[in-house]
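In what follows, a single structure is set out as structure tokens and then discussed.
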Amino acid sequence: MFYFCILPSYSFNCMELTTLTIDAARSAVQECKTTATTLAEAFYSKIEKDDPKIGAFLTLSKERALAKAVEIDARVAKGEKLPPLGGVPVGIKDVMVTRGVRTTAGSKILGNYIPPYDCTAVARMEAAGAVVLGKLNCDEFAMGSSTENSAWHPVHNPRDLSRVPGGSSGGSAAAVAADMAVVTLGSDTGGSIRQPASFCGVVGLMPTYGRVSRYGLIAFASSLDHIGPLAKTVRDAAIVLRTIAGRDPMDSTSADVPVPDYVAELQKPVRGVKIGVAKEYLGEGLDSQVRKAVEAAIQKLASLGCEIVEISLAHTKYAIPTYYIVATAEASSNLARYDGVRYGYRASNARTLSEMYRRSRDHGFGAEVKRRIMLGTYALSAGYYDAYYLKAQKVRTLLTRDFEEAFKKVDAIVTPTSPTAAFKLGEKVDDPLAMYLADIYTVTADLAGIPGISVPCGETKEKLPIGLQILGKHFDEATILRLAHGYEQAA
Ligand code: GLN
């Protein structure tokens with residue numbers, strides 16, 4: 001088959017270009033309805049116009065993007081068939097390193113850091129033809145639920161600028177919701193892909209732990225960190241997962257498990273799939289409008305032929321304290337490397353080495369990061385290790401067993417993604433505990449290492465998006481993608 005373009009016919013206007021899904025954007029380039037260069041430029045115009053009020057991007061990588069676009073256009077001109085992301089403009093959360101492009105993790109301590117290598121997930125996106133527009137704002141070191149902990153500036157929710165986009169991948173969710181990227185990559189340690197996806201009305205997928213290489217992901221809590229896509233549709237999320245998943249020799253925790261064709265799997269019917277509904281996820285603290293939307297979504301899945309089964313995940317109430325001990329303990333260890341010697345910011349005018357360490361960390365880290373380092377150091381300290389860290393690891397096993405038991409009876413579990421819709425900027429910023437409690441429905445999957453997806457399932461009276469979370473068995477992203485796709489098509 002040949003793909004020669006005789007006469008390019010530019011049949012899109014700029015506004016339409018930025019609303020395209022992956023397949024539509026790729027085909028438009030392949031069929032010469034536009035060029036990869038025009039497409040990238042349309043996105044940059046959109047970013048220039050709208051991002052000043054949203055704040056999703058921290059750094060634009062125009063040179064790199066346009067070089068890639070030119071390469072894609074040349075391939076089209078030669079009659080080549082484009083790879084799955086050929087010419088598709090994407091954004092990357094600023095916790096994934098990009099060679100030659102500033103990467104800050106939302107922190108002043110990495111304010112001037114230019115990485116010498118590429119994160120595997122980013123490299124795989126580019127190898128599949130993606131055009132990387134730039135780096136997306138996030139909570140500092142991915143610690144937060146609102147993106148207000150970014151050292152640079154907060155992100156505003158495109159659906160209501162007075163509200164947060166969720167966090168910590170708030171920039172990644174907002175960029176997709178505001179048509180400033182076709183898809184983006186985010187990271188999820190306790191909910192940071194799924195919760196912002198639900199707040200901004202987009203799809204967010206956290207794969208199984210080990211499914212996607214963490215090489216080049218700036219570490220927050222290594223046993224909990226995952227990379228995954230935020231997208232306009234479930235199909236787009238499936239395309240991205242198929243691109244970035246699979247064993248990577250550079251990350252020994254990446255799993256050598258075959259990667260199915262997630263896109264082909266979407267075609268399978270949802271009829272007969274057994275779905276668990278756990279009372280622990282529909283209890284106290286759940287906003288009544290969110291509850292109504294989730295219950296309606298469960299009914300919708302039942303009407304599509306899914307079997308609804310009541311299950312119990314009895315240890316759910318311990319998930320938040322467990323997560324905040326494990327995550328802070330690992331963070332305190334991971335963040336020890338930022339000492340002013342090897343990376344980023346170094347305080348000037350220190351008289352001794354230890355003063356240089358202390359001042360660099362004092363000036364470089366923000367309040368939330370310092371809070372987590374202190375909590376984690378305490379939980380790991382001699383005398384408290386058994387009482388906190390070891391105990392938390394034991395409870396983590398109990399939480400995992402809850403899921404293992406449940407998955408003997410069901411194929412997937414459906415819950416709300418977040419107890420509320422997007423809250424106001426400033427509403428919880430001075431109350432870290434209230435912020436932590438917002439993660440109640442998401443941290444469990446990270447602790448157990450199972451995959452989860454958030455798909456839009458309605459709106460509140462104030463027109464704020466609500467997210468439905470679907471959790472699956474280890475390495476069974478195919479089933480949750482299929483259910484989310486079936487729901488999305490029927491809704
Ligand atoms: N909100 C959670 C936290 O603050 C989760 C963050 C994340 O998933 N990166 O730790």
Side-chain angles (χ1 to χ4, degrees), residues 186-195 197-198 203-214 220-229 234 237-238 241 244-246 253-260 262 265 273-278 280-281 301 306 309 311-320 322-323 326-327 330 392-418 439-455 467-485:
S187 69
D188 194 313
T189 302
S192 283
I193 290 176
R194 293 159 288 153
Q195 185 254 24
S198 85
V203 174
L205 170 67
M206 175 184 71
T208 308
Y209 184 79
R211 183 56 108 179
V212 176
S213 167
R214 289 181 293 111
F220 163 7
S222 308
S223 78
L224 296 160
D225 293 342
H226 309 69
I227 292 175
V234 175
L241 182 61
I244 61 176
T253 65
S254 70
D256 199 1
V257 174
V259 178
Y262 297 111
E265 295 274 329
V273 176
K274 287 204 183 102
I275 293 179
V277 175
E280 290 85 356
Y281 283 70
L301 285 163
C306 296
V309 181
I311 56 161
S312 170
L313 297 163
H315 296 91
T316 304
K317 58 177 177 292
Y318 304 117
I320 294 275
T322 304
Y323 168 79
V326 176
E330 292 186 18
Q393 290 291 30
K394 289 178 180 169
V395 182
R396 183 177 188 176
T397 301
L398 295 176
L399 283 155
T400 308
R401 279 194 202 142
D402 277 358
F403 282 116
E404 281 165 3
E405 283 306 309
F407 284 127
K408 286 181 185 159
K409 289 184 244 146
V410 297
D411 305 306
I413 296 168
V414 169
T415 82
T417 305
S418 168
D439 302 332
I440 177 79
Y441 302 137
T442 49
V443 294
T444 48
D446 297 87
L447 287 164
I450 59 172
I453 190 168
S454 180
V455 61
L468 178 75
Q469 176 173 243
I470 309 177
L471 303 174
K473 297 177 189 172
H474 285 120
F475 295 103
D476 190 18
E477 292 85 359
T479 298
I480 60 172
L481 281 163
R482 174 153 61 99
L483 280 170
H485 178 72

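Along the sequence shown, residues carry numbers from 1. The figures that follow rest on heavy atoms only: side chains count, while hydrogens, waters and symmetry mates do not.
Counting all heavy atoms, side chain and backbone alike, Pro416 lies closest to Tyr281 at CD-O, 3.4 Å.
Leu205 pairs with exactly one of Val455, Ile480, Ile193, Ile470 by the side chain to side chain contact (heavy atoms under 4.5 Å, CB included) rule, that one being Ile480.
With sequence neighbours excluded, the residues forming a ring-ring contact (aromatic ring centres under 6.0 Å, His included) with Tyr209 are His226, listed by chain and number. Partners of Asp476 by side-chain hydrogen bond (donor to acceptor under 3.5 Å, both in side chains), not counting sequence neighbours, listed by chain and number: Thr479.
To the nearest 0.5 Å, the span separating CG on Leu399 from OG1 on Thr316 amounts to 6.5 Å.
Ring-plane geometry between Phe407 and Phe403 is classed as parallel, the angle between the planes falling under 30 degrees on a 0 to 90 degree scale with a further cut at 60.
No hydrogens or angles considered: a donor-acceptor pair under 3.5 Å links the side chains of Ser454 and Thr417. A donor and an acceptor atom, one from each side chain of Glu330 and Ser222, are nowhere located under 3.5 Å apart. Side-chain atoms of Glu280 and Ser312 form a donor-acceptor pair, as typed in the model, at a separation below 3.5 Å.
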Give the intermediate values and the outcome of side chain to side chain contact (heavy atoms under 4.5 Å, CB included) for residues Leu481 and Glu265.
CA-CA 8 Å; Leu481 281 163; Glu265 295 274 329; over 6 Å; no
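Within the 4.5 Å cutoff, side-chain heavy atoms of Val259 are placed close to those of Arg211. No side-chain heavy atom of Lys473 sits less than 4.5 Å from a side-chain heavy atom of Ile450. Arg194 places a side-chain heavy atom less than 4.5 Å from the side chain of Leu471.
Under the salt bridge (Lys or Arg N to Asp or Glu O under 4.0 Å) criterion, the residue pairs touching residues 399-408 are Glu405-Lys408, with sequence neighbours excluded.
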